[in-house]
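This report refers to the structure that appears directly beneath it.
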Amino acid sequence: MKSSKRKSKGSKETDPRETTTCSIENVQDELRLRFSQNAPSPSLHGYEKERGQLFDLIKRTASTGESNSVLVIGPRGSGKTMTLNSIYNELIEDDNLRENLLQVKLNGLLQTDDKIALKEITRQLQLENTLGDKVFGSFAETLQFLLDALKCGSQSSKPILFILEEFDMFAHHKNQTLLYNLFDIAQSDQAPICVVGVTCRLDVIELLEKRVKSRFSHRQVYFLNNYSFQNFCDICMSYLRIESKPGSGDFIKEWNKQVEKLSKDGTVRDVLQQQFHFNKDIRALHHILMYVVCQLNETHPFPTPSDFVEAMKVTSTDSKSAMLHGISILELCLIIAMKHLTDIYDGEPFNFEMVYSEYAKFAQKRSSMQMYEKAVVLKAFEHLLALELVKSTDGSGTRIQKEYRLMSLLIHPSQITDALQKYPQCPTEVKQWASTSVI
């Protein structure tokens, strides 16, 4: 009876391991959402001035009905879209603006012509029923009707924020009708709208037609990755920190302490410096952090410097070098033969007969190497072509026999050297052959 009472008492008590597991899972869920950009991210360092300019511009449209147009230009992954999302989220915290400010997001890769773009505008403004089966003479009339439909009792239309992702793709639409009409409305104050174009092309203004260019405000905000290495480290750690909430327990406090330790660790800083010099793209940093977070479990509840080292190895693995680990010895020999031919003929294309001749010379001189028939070697060569490690320079429509088609190698010599070092049970003769230029 005593033992049963003890069990019942023990069953009511929470197991610390269960609490830790639950906390790890909660942290992992939150950080995964953050790294996959499905949740609001911490504020981005280094763009305070640019964010302030955009915030003032959009706020003036939302609060006073002032129409504006602006281009946000910067490399991919520099934080353009993330900044615009954070501005919109901050603005709609105000009850008055939440009711008035509407947002329409278009993407040049998805809305490939003006008809599709207009349908998407109608869908996002929830005006399908208003439009109905009405027939309009032009795109401009349809768009103006949609904007008029948003007018409230005082005949003042609701402010709309138009965000055009991949803005340069909209310049390829016929007559640039969508851009012309949006900029025309913004310039003539027909309705309060703010048109924000997001692009990574610096010469995007040159793509615009004269009539479109004349209606654009020529206001441009540049997002250039000019932050320092210390900023990069701060961004990394801000993504890993978890905001302490009431009742979150000691695990979150301990987690933030461990993150603070990582920010000062030499190994972690070395990994981040390697990534910083290779690519400043924040999305590339997300890949490293995602791997680190996914390694956590109840026996390994906090990230360690070795997790960062392993994550860097995995994320920076060269895909072609990795592909070479899975090919046969014969195919590896053909790759080396092509490398030699490329060196000998100074990058000129080669054909299968030349590769086979080079391979045959090597196989005959090495008694330990098996000499394969020509048909087998040709099959291995075709497999390399299918793997896109070799490319035909004549085009697919040529009538030349496959043995004589000109080819070029798509692998750099350093990738071949790297693959040979990691290739399982690679014959010594093959390694020696790869390191010499003449047999």
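Keep in mind that the numbers below use all heavy atoms, side chains included, and drop hydrogens, waters and symmetry copies. Only a predicted model underlies this, so the values are computations on that prediction, with no experimental measurement involved.
Closest heavy-atom contact between H325 and Y423: O-CE1, 3.7 Å. When all heavy atoms of A191 and S67 are compared, the closest pair comes out as O-OG, 3.0 Å. The two residues M407 and S392 have their closest heavy-atom pair at SD-CA, 3.5 Å. Closest approach of N297 to I24, counting heavy atoms only: O-CD1, 3.2 Å. I205 approaches K213 most closely through the heavy-atom pair O-CE, 3.4 Å. Nearest heavy atom pair, residue N351 against residue E403, reads CB-O, 3.6 Å.
Contact check for L207 versus R201: side-chain heavy atoms found under the 4.5 Å cut-off. In this structure the side chain of L272 reaches within 4.5 angstrom of the side chain of L285, judged on heavy atoms. You'll find the side chain of I185 stays beyond 4.5 Å of the side chain of V195, heavy atoms only. For the pair L420/L332, a side-chain contact is recorded, criterion being any heavy-atom separation below 4.5 Å from C-beta on. T122 is not listed as a side-chain neighbour of K119, based on a closest heavy-atom distance of 4.5 Å or more. Residues Y88 and L101 are in side-chain contact: their nearest non-hydrogen atoms beyond the backbone lie under 4.5 Å apart. Considering only heavy atoms from C-beta on, Y404 comes within 4.5 Å of E353 through its side chain. Residues L106 and F170 meet the side-chain proximity criterion, which asks for heavy atoms closer than 4.5 Å.
Judged by distance alone, the side chain of K80 and the main-chain N or O of F223 form no donor-acceptor pair under 3.5 Å. With hydrogens and angles disregarded, a donor-acceptor distance shorter than 3.5 Å links the side chain of R219 to the backbone of S69. For the pair K431 (side chain) and C426 (backbone), a donor-acceptor distance under 3.5 Å is absent. Between the Q176 side chain and the E209 main chain, a donor and an acceptor come within less than 3.5 Å of each other. One N or O on the side chain of R269 and one on the backbone of S263 form a donor-acceptor pair closer than 3.5 Å. Put simply, the side chain of D203 never gets that close to the backbone of E206: no donor and acceptor are under 3.5 Å apart. Although no hydrogens or angles enter the test, the distance criterion places no donor-acceptor pair under 3.5 Å between the side chain of E388 and the main chain of L410. A side-chain donor-acceptor contact under 3.5 Å links N256 to the backbone of I242.
Salt bridge R51/E48: absent, no basic N to carboxylate O contact under 4.0 Å. Under a 4.0 Å N-O distance rule, the pair K422/D418 qualifies as a salt bridge. A salt bridge does not link K105 to E120: none of the charged nitrogens lies less than 4.0 Å from a carboxylate oxygen. Between R32 and D29, at least one side-chain N (NZ, or NE/NH1/NH2) sits under 4.0 Å from a carboxylate O, which counts as a salt bridge. Ion pairing of E166 with R76 is present here, as a side-chain N (NZ or NE/NH1/NH2) and a carboxylate O approach within less than 4.0 Å.
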| request: Check the pair L31 / L289 against side-chain contact (heavy atoms from CB on, under 4.5 Å), numbers first and verdict last. | output: CA-CA 9 Å; L31 292 179; L289 297 180; over 6 Å; no
| said: With side-chain contact (heavy atoms from CB on, under 4.5 Å) as the criterion, how do F381 and K402 come out once you've worked through the C-alpha distance, each side chain's angles and the decisive distance to 0.1 Å? | reply: CA-CA 10 Å; F381 186 81; K402 53 188 174 183; over 6 Å; no
| field | Intermediate values then yes/no, side-chain contact (heavy atoms from CB on, under 4.5 Å), Y180 and D114 | value | CA-CA 11 Å; Y180 172 77; D114 291 335; over 6 Å; no
| query | Given T83 and E50, is the side chain to side chain donor-acceptor pair (under 3.5 Å) satisfied, shown in steps? | reply | CA-CA 9 Å; T83 302; E50 291 82 356; over 6 Å; no
| said: Run M371 and Y359 through side-chain contact (heavy atoms from CB on, under 4.5 Å) and show every step you take. | reply: CA-CA 9 Å; M371 178 70 181; Y359 161 72; 4.1 Å; yes
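Side-chain atoms of T304 and D307 form a donor-acceptor pair, as typed in the model, at a separation below 3.5 Å. A donor and an acceptor atom, one from each side chain of S86 and N89, are nowhere located under 3.5 Å apart. With hydrogens and angles left out, the side-chain atoms of D234 and Q230 include a donor and acceptor closer than 3.5 Å.
Ring geometry for F362 against W433 counts as parallel: the plane angle stays under 30°, on a 0 to 90° scale with 60° as the upper cut. Using a 30° and 60° split on the angle between ring planes, F302 and F251 fall in the parallel class, below 30°.
Taking the ring axis of Y356 as reference, the NZ or CZ atom of K374 stays within 45° of it and closer than 6.0 Å to the ring centre.
Atom-to-atom distance recorded for C236:SG and F308:CZ is 5.0 Å, nearest 0.5 angstrom. To the nearest 0.5 Å, the span separating CG on L91 from CG on N100 amounts to 12.0 Å. To the nearest 0.5 Å, the span separating CD1 on I411 from CD1 on I416 amounts to 5.5 Å. A distance of 8.5 Å separates OG in S228 from NZ in K280, rounded to the nearest 0.5 Å. Between the NZ atom of K339 and the NE2 atom of H412 there is a distance of 10.5 Å, given to the nearest 0.5 Å. Rounding to the nearest 0.5 Å gives a distance of 13.5 Å between CE of M354 and NE2 of H340.
Residue F229 qualifies as enclosed at atom CZ: its count of foreign heavy atoms under 6.0 Å is above 12.
When each of V196, L179, V104, T199 is checked for a side chain to side chain contact (heavy atoms under 4.5 Å, CB included) with L164, only L179 meets the rule.
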